[in-house]
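Scope of the values below: all heavy atoms of this structure, side chains included, with no hydrogens, waters or symmetry mates.
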Amino acid sequence: MKNREIIMRRMERVEGGIEKLQLALRQGNWTLVDEIIQDMRDNINDAKAFVQQEPLGPGEINNF
């Protein structure tokens, strides 16, 4: 996988977002919760885009 490091960074950002989200929820900061969720969605969409760019292996069908 040629974009492994980029995808792993995006997933690590999502993991960090989960931690921030838990803290924001405890504080009741709903504006921050919305911002964190949007940032997490952006990182997931970026990772999906990189996965879709990967060449398919033999016998593999990309349904995305």
Calculate, to the nearest 0.5 Å, the distance between atoms [atom1] and [atom2] belonging to [X] and [Y] respectively.
{"X": "Asp46", "Y": "Arg10", "atom1": "CG", "atom2": "CZ", "result": "5.0 Å"}
{"X": "Ile7", "Y": "Glu12", "atom1": "CD1", "atom2": "CD", "result": "12.0 Å"}
{"X": "Ile36", "Y": "Asp39", "atom1": "CD1", "atom2": "CG", "result": "8.5 Å"}
{"X": "Glu15", "Y": "Lys20", "atom1": "CD", "atom2": "NZ", "result": "13.0 Å"}
{"X": "Met40", "Y": "Ile18", "atom1": "CE", "atom2": "CD1", "result": "4.5 Å"}

Provide the closest heavy-atom pair for Val33 versus Ala24 in the form atom of the first, atom of the second, distance.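 For Val33 versus Ala24, the nearest heavy atoms are CG2-CB, 3.8 Å.
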Looking at every heavy atom in both Ala47 and Met11, which two are closest together, and how far apart are they?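 Closest heavy-atom pair between Ala47 and Met11: CB-CE, 3.5 Å.
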For a 4.5 angstrom cut-off between non-hydrogen side-chain atoms, does [X] reach [Y]?
{"X": "Ile6", "Y": "Arg9", "result": "yes"}
{"X": "Glu19", "Y": "Gln22", "result": "yes"}
{"X": "Gln53", "Y": "Asn3", "result": "yes"}

Counting only heavy atoms not in Glu5, do more than 12 fall under 6.0 Å of its CD?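 No - once you tally the heavy atoms of other residues, nucleotides and ligands closer than 6.0 Å, there are 12 at most.
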In the single-linkage hydrophobic clustering (I, L, V, M, F, W, Y; side-chain heavy atoms under 4.5 Å), do Val51 and Met8 co-cluster?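 No, separate clusters.
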Strictly distance-based, threshold 3.5 Å: is any side-chain N or O of Asn29 a donor or acceptor partner for the main-chain N or O of Leu32?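 Here the side-chain-to-backbone pair exists.
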Can you find a side-chain donor-acceptor pair between Gln38 and Asp42 that sits under 3.5 Å?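 Judged by distance alone, the side chains do pair up.
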